[in-house]
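Chain naming here is simple, since letters A, B, ... match the order of the sequence lines and numbering starts at 1 in each. Just the heavy atoms: all of them, side chains too, but no hydrogens, waters or symmetry mates, feed the values below.
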Amino acid sequence: MSPTRHTDPPFRALPAQVDLPALEREVLRRWSSSGVFEQSLKQTEGGPSWVFYEGPPTANGQPGVHHVEARVFKDVFPRFKTMKGYHVERKAGWDCHGLPVEVAVEKELGLSGKKDIEEFGIAEFNDRCRESVLRNVDAFTELTERMGYWVDLSQAYRTMDASYVESVWWALKAIHGKGLLVRDFRISPYCPRCGTTLSDHELAQGYETVTDPSVYVRLPLTSGPLSGGADAASLLVWTTTPWTLVSNTAVAVHPEVEYVVATDGAERVVVAEPLLGAALGEGWTATGERFTGAQMERWTYRRPFELVEFAEPAHFVVLADYVTVEDGTGLVHQSPAFGEDDMRTCRAYGLPVVNPVRADGTFEQDLDLVGGVFFKTADATLVADLRERGLLFRHQDYEHSYPHCWRCHTALLYYALPSWYIRTTRIKDRLLAENERTNWYPATIKNGRYGEWLRNNIDWALSRSRYWGTPLPLWECPDSHITCVGSLAELGELAGRELSALDPHRPYVDDVTLPCPECGLTARRVPEVIDAWFDSGSMPFAQWGAPYRNQERFERSYPAQYICEAIDQTRGWFYSLMAVGTLVFDRSSYENVVCLGHILAEDGRKMSKHLGNILEPIPVMERHGADALRWFMAASGSPWAPRRVGHAALEEIVRKVLLTYWNTASFFVLYARAGEGWDPSRAAEAPPYAQRPLLDRWVLAELNRTVGEVDAALEDFDTARAGRRLTEFVDDLSNWYVRRSRRRFWGGAATPEGAAAFATLYECLEVLTRLMAPIVPFLTDYLWDVLRTPDAPESVHLASWPQVRTELLDPQLSERMALARRLVELGRTARATSGVRTRQPLGRAVVGAAGFDALSPELREVIADELNVAELHPLGAVGGELVDYTVKPNFRELGRRFGKQTPKVAAAVGAADPAGLVHRLRADGSVSLTAAELGEVRLEPGELVVTEQPREGWAVAAGAGETLALDLELSPELVRAGLAREVVRLVQDARKSSGLDISDRVDVWWSAADKELRRALTDFGPDIAAEVLAGTFAEGPGGSDATEHGDPDLGLSFRLARRG
RNA sequence: GGGCGUAUAGCUCAGUCGGUUAGAGCGCAUCCCUGAUAAGGAUGAGGCCCCAGGUUCAAGUCCUGGUACGCCCA
């Protein structure tokens, strides 16, 4: 026992009102000054490691509230695992390269396109990109710290650092060595404004719904059976990209589809038979002439425009299997420079690849009609020209989704360009196998969205014709020998000069030339940089600079146990990380991946500047607290589904969860500081668990059940389940345990009951605080600091994770308490419907419920007290003629036994007289009935659900087979007891409004106008006095310093004075 | 057009192994309780558990098809 205890209260006072954001700032200061995060890492150093990889946010643009979502999950599980003794390194990272950065800088500098950048100077441009990235890093750092995301920012990796770039080069060289890094000419989605091809994951982000012209064009046949003469037929082709007609090269048909000639009496066109109606509409009939696609091969036709030159023969019908009869005419216009299928088909016929569109998206200057015009803009001119020349068959608007540049919204071009690819299709089976052993949360992603993507894997278009990115480390000599360089040291050796300090970015690397190791000619670097996704996919080794630096550290942390991002990363980081790992190490770099749904604005739409529905993260946290936002992200709704965030949702979390928890702790501290005080060293004075009051045993059983369930939920990465259980427990603790136990706390810890109460509530709060710590690290740490014993860790985040004390679990008690609480609810309903308020004591209540007989006297006392009734009886004891019975079949049990015959038995139960049934059931322990076709069946009590209801004169409430009825008959004695309770309430109100402390003692003098009231005050005087801490409770005028109070309705007035 | 997901009270969402009065919170209304509380309790608006089939003694729950919405991709 501490000698100073009485003068020095055991706990700091907790105000009833709390400013959560202010509290969080205080906690942040403590974390920072004591280096709590660092301590948590140090403390677990010897422990098993649990590896987490930080998916680097693109340091481009400002952080939004949606960034908080993934960062909460990146924080909760490492904290949880740390408390379980794992060493969880958390190295921050920043994704620095990429087109978004370039576009932002271009905008800042007022540049437009690659030409401008090159005039501005690549060195200067890249410097600006580097600066821009660093600016945004600051904003992310602020967010990270404010939300309590513990990640080591001091040694964050940056994808633009030389050591990082070298690691990426090393990986590319390994891939090149396996023959998987190749150059190919392929049609790529290409942004003419940015002057670069886009990767598939970039492409995915830019689909927009647009209206394009949909045109049907006549191409008159010039050879074959349908050509010649006045009635020559035309091929009818359909396209939504009229600008590609300029370079029309061929028309493709499906070899097995039947094509027919149709006429409206004036002209003849060729279409696929199944599309005749859809393509031509009313008024067109087939002439009977029909050909298979194969028969039409090499028929020539007159091309739609004579604007470009064709050096080789072209403009005839070709065969292609990809042609469908889904829409259009079944005849497909071919322009090989602008379509992958077209390219493949035309190449097979040796047709030329004619491309009149320049890299900036405009037609070549010297063309008639469209020279210098942007490709998309040329549509209108071209369609008008077709119409004038009578070639336009039909023109309508066509709304479809067309890819746009995800950054600048320019319509993309499918364009033939030389490009570097990683042949991921060659390792598809390995990727599928690696995915097979990855745990996805939610599990449906694995074989659904992500698995689907892997099964349809296509080669990774790696190169970008841009500036701010990891340069592709390939040097090429005039004879096209390729040298792949894996480090600056190697580059120095090959170039014959010291290059270890070289900035491995453009333009500096471009200036390095080397003699080709094969032929000795001068090799120059290819101009491209790489897709920034390859950077982020390389982070497992590149963050350490491995293998050139920290190789051992890298090996120790590969693969990761845990990564987490939102669902948009399935084809982004989740893929690049798995792909790079599998390409380089033949092993995916992560084992568990949590994939979150998106955060939406309160109106259910995406947050966007246009809609004005953006919620800024820092102001939100300054209003509701970071803990509220964290709880929302972790536990509100399902993290797998899209969720709406707004002030209302956060306010609810503050009120229902955080403040309820706070108030429970505040209540505890208030009484622990009162009187002689209680501190954890007195826990030993409490009776052993088995001898504590029922309510204590119950709450400890619930506590330990909660520990087990929260632990299991978090092990399964299910924060929502953990949150639901915690919310329920906080509510049980506050609104049942504390509310029912208040008197024991008022009485202090001197009695065994009081000692048990303090020890029990302390234990609940201590364990609960540790359980909630990963999700709400601020509030829990503040309360931990108040509640902890001197020898406990100074922060809850340095404490250990609670373990279930199985000896305290008591499922039977949990179940019986649940029944008791259901009965209390029924009692309240009965009170409310009868209009007799709870303060008025009643003589008895009767209960009809299956488990009632098993309830202990202690538990019955809880019900009686809660309902303010003197006695509680089973309904059966009241007397047969007062009770009505309902008997229903228990289908679950009957179904198990009778299967198909269940309805017949159920019908027999329904037809029987309920009272007789119950009587026989109780007398004999079972009952036999005659069911149709089955004859006599004997039913056990468990196979029937008996509900009892009293008849007249009772206030009854029933639900789910359980009934509670209140006897409303009031004796004069009960009326007086009710009056006494009324007086207690009035005096308590007076105490409170006079600003008295809860432990202040008072004197009360009263006068009563009513005879019954006077008698009640006399009869119950000592009880009232004890309740309101009155030394004097007497009839009379009272002293002059006493304040006057009263209630005219009741006819009571009294004076109240604080006792010296 | 394809893949994946969602659909339950006015709103946001739970709903276990299929079992017969389908729940919670919020909002609103009326009332009750209150010496920890920004808290708690009761009642109310009569829920086409999206629709249609099917399996089953029994379907919000399982199966098939459809509709709407969302995301991802063509």
Side-chain angles (χ1 to χ4, degrees), chain A residues 14 16-18 200 203-205 207 324 326-327 400-403 442 444-445 447-453 455-456 567-568 570-571 597-598 600 604 606 636-638 640-644 646 648-649 651-652 654-656 658-671 720-721 724 727-728 731 734-736 738-739 742 745-746 824-833 835-839 866 868 888-896 898-906 945 947 957-961 984-985 987-993 996-1000 1027-1029:
Chain A
L14 288 176
Q17 304 279 309
V18 57
D200 291 281
L203 188 67
Q205 294 175 62
Y207 276 83
T324 69
E326 300 277 305
D327 47 21
H400 63 152
S401 127
Y402 189 84
T444 49
I445 308 279
N447 290 312
R449 183 174 291 209
Y450 187 74
E452 200 61 34
W453 158 248
R455 282 188 289 279
N456 297 315
I567 192 159
D568 53 9
T570 34
R571 297 180 179 202
H598 281 130
L600 304 174
K606 265 186 194 171
S636 222
S638 169
W640 321 132
R643 290 177 294 170
R644 305 177 181 194
E651 271 160 19
E652 187 185 330
V654 169
R655 281 190 291 116
K656 299 294 277 198
L658 304 183
L659 288 183
T660 307
Y661 164 59
W662 170 271
N663 287 324
T664 305
S666 162
F667 170 88
F668 170 79
V669 168
L670 181 67
Y671 286 97
R721 201 166 92 220
R724 272 199 296 276
T727 307
E728 277 168 34
D731 186 64
S734 171
N735 292 317
W736 190 247
V738 170
R739 194 165 62 77
R742 261 189 301 218
F745 289 96
W746 296 346
V824 166
E825 252 180 63
L826 291 175
R828 288 191 186 125
T829 306
R831 282 263 185 192
T833 50
V836 180
R837 60 187 163 204
T838 313
R839 266 202 303 278
E866 192 70 19
N868 198 17
K888 288 184 176 177
N890 180 343
F891 281 92
R892 189 192 282 269
E893 293 304 319
L894 292 180
R896 189 169 296 163
F898 295 102
K900 214 171 258 238
Q901 313 298 337
T902 305
K904 287 166 191 143
V905 181
V945 179
T947 309
V984 168
R985 183 182 63 88
V987 178
Q988 299 288 37
D989 273 355
R991 285 183 57 113
K992 197 176 183 180
S993 62
L996 295 179
D997 197 71
I998 47 161
S999 54
D1000 284 340
E1027 192 76 8
V1028 302
L1029 302 181

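G65(B) is paired with C51(B) under the Watson-Crick or G-U wobble criterion, all donor-acceptor distances under 3.5 Å. Within the shown strands, C57(B) is the pairing partner of G19(B) under the Watson-Crick or G-U definition, both distances less than 3.5 Å. Base pairing of A39(B) is not made with any nucleotide, judged by Watson-Crick or G-U wobble geometry with both donor-acceptor distances under 3.5 Å. Across all strands shown, A9(B) forms no Watson-Crick or G-U wobble pair with both distances under 3.5 Å. When both pairing distances are held under 3.5 Å, G70(B) makes a Watson-Crick or G-U pair with C4(B). The nucleotide G44(B) finds its pairing partner in C28(B), both defining distances of the Watson-Crick or G-U wobble pair being shorter than 3.5 Å. In this structure, C33(B) forms no base pair with any nucleotide, since neither Watson-Crick nor G-U wobble geometry is met with both distances under 3.5 Å.
Evaluation of atom-type donor-acceptor distances gives a pair under 3.5 Å for the side chain of Arg449(A) against the base of C71(B). A donor-acceptor contact under 3.5 Å links the side chain of Ser734(A) to the base of A36(B).
Contact annotation: Arg655(A) reaches the phosphate of A39(B) (side-chain N/O to OP1 or OP2, under 4.0 Å). Side-chain N/O atoms of Lys656(A) include one lying less than 4.0 angstrom from OP1 or OP2 on C26(B). The shortest distance between the side-chain N/O atoms of Lys900(A) and the OP1/OP2 oxygens of A58(B) is not below 4.0 Å. Distances shorter than 4.0 Å separate none of the side-chain N or O atoms of Arg892(A) from OP1 or OP2 on G18(B).
Across C17(B) and U37(B), the matching C1' atoms stand 40 Å from one another, rounded to whole Å. Nucleotides A36(B) and A7(B) place their C1' atoms 42 Å apart, quoted to the nearest Å. One P atom belongs to C62(B), the other to U16(B), and the distance between them is 9 Å to the nearest Å. Between the C1' atoms of G47(B) and G53(B), the separation comes to 23 Å (whole Å). On the C1' atoms, G18(B) is 15 Å away from G54(B), given to the nearest whole Å. Rounded to the nearest Å, the gap between the C1' atom of U56(B) and that of A42(B) is 40 Å. Taking atom P on both C28(B) and C11(B), the two are 16 Å apart, rounded to the nearest angstrom. Spacing between G10(B) and C72(B) at atom P, rounded to whole Å, works out to 31 Å.
No contact: Val654(A) has no heavy atom under 4.0 Å from any strand. Val669(A) comes within contact range of no nucleotide atom at all, as no heavy-atom separation falls under 4.0 Å. In this structure, Lys904(A) reaches neither bases nor backbone, as no heavy-atom distance under 4.0 Å exists between it and the strands shown. Contact annotation for Gln988(A): base contact, defined as any heavy-atom pair under 4.0 Å involving a base atom. Backbone-only contact: Arg828(A) has heavy atoms under 4.0 Å from sugar-phosphate atoms and none from a base. The residue Trp746(A) sits close only to the backbone: its heavy atoms come under 4.0 Å of sugar-phosphate atoms, none of a base. Among the atoms of the strands shown, none is found under 4.0 Å from any heavy atom of Phe898(A). Backbone-only engagement by Glu825(A) is indicated by non-hydrogen atom pairs under 4.0 Å involving sugar-phosphate atoms exclusively. Within the nucleic acid shown, Thr664(A) comes within 4.0 Å of at least one base atom, counting heavy atoms only. If you check every strand for non-hydrogen atoms under 4.0 Å, Thr727(A) touches nothing.
In this structure, the CD1 atom of Ile567(A) is 11 Å from the P atom of U6(B), given to the nearest Å. Atom CG in Asn663(A) sits about 19 Å away from atom P in U34(B), given to the nearest Å. Summarising the geometry, the separation between CG on Leu670(A) and P on U37(B) is reported as 9 Å, rounded to the nearest angstrom. What separates CD of Glu652(A) from P of A39(B) is a distance of 11 Å, to the nearest Å. With rounding to whole Å, Glu893(A) atom CD is found 10 Å from G19(B) atom C1'. Distance, Phe891(A) CZ to G19(B) C1': 8 Å, rounded to whole Å. Following rounding to the nearest Å, Trp453(A) (CH2) and G2(B) (P) show an atom-to-atom distance of 20 Å. The OH-C1' distance, from Tyr661(A) to G40(B), rounds to 21 Å in whole Å.
Taking the nucleotide of RNA chain B with the nearest heavy atom to each of Thr902(A) and Arg724(A), the more 5' of the two is matched to Arg724(A). Each of Ile445(A) and Asp731(A) was assigned the nucleotide of RNA chain B with the nearest heavy atom; the assignment lying further toward the 5' end belongs to Ile445(A).
Phe668(A) and Phe745(A) have perpendicular rings, their planes meeting at more than 60° on a 0 to 90° scale where under 30° would count as parallel.
Here the straight-line distance linking atom CD of Glu866(A) with atom CG of Asn868(A) works out to 10.0 Å at 0.5 Å rounding. Atom CZ of residue Phe891(A) and atom OG1 of residue Thr902(A) lie 8.0 Å apart, to the nearest 0.5 angstrom. Atom CH2 of Trp746(A) and atom CG of Leu1029(A) lie 9.0 Å apart (nearest 0.5 Å). Rounding to the nearest 0.5 angstrom, the gap separating the OG atom in Ser734(A) from the OH atom in Tyr661(A) is 13.0 Å. Note: Arg896(A) CZ to Glu893(A) CD = 4.5 Å, rounded to the nearest 0.5 Å.
The residues Glu825(A) and Arg828(A) are annotated as not salt-bridged, no charged nitrogen and carboxylate oxygen being separated by less than 4.0 angstrom.
Not one N or O on the side chain of Asp731(A) forms a donor-acceptor pair closer than 3.5 Å with the backbone of Thr727(A). Using a distance-only test at 3.5 Å, with no hydrogens or angles considered, a donor-acceptor pair links the side chain of Thr660(A) to the main chain of Arg655(A).
Here the nucleotide nearest the side chain of Pro903(A), chosen from C57(B), G40(B), G19(B), is C57(B).
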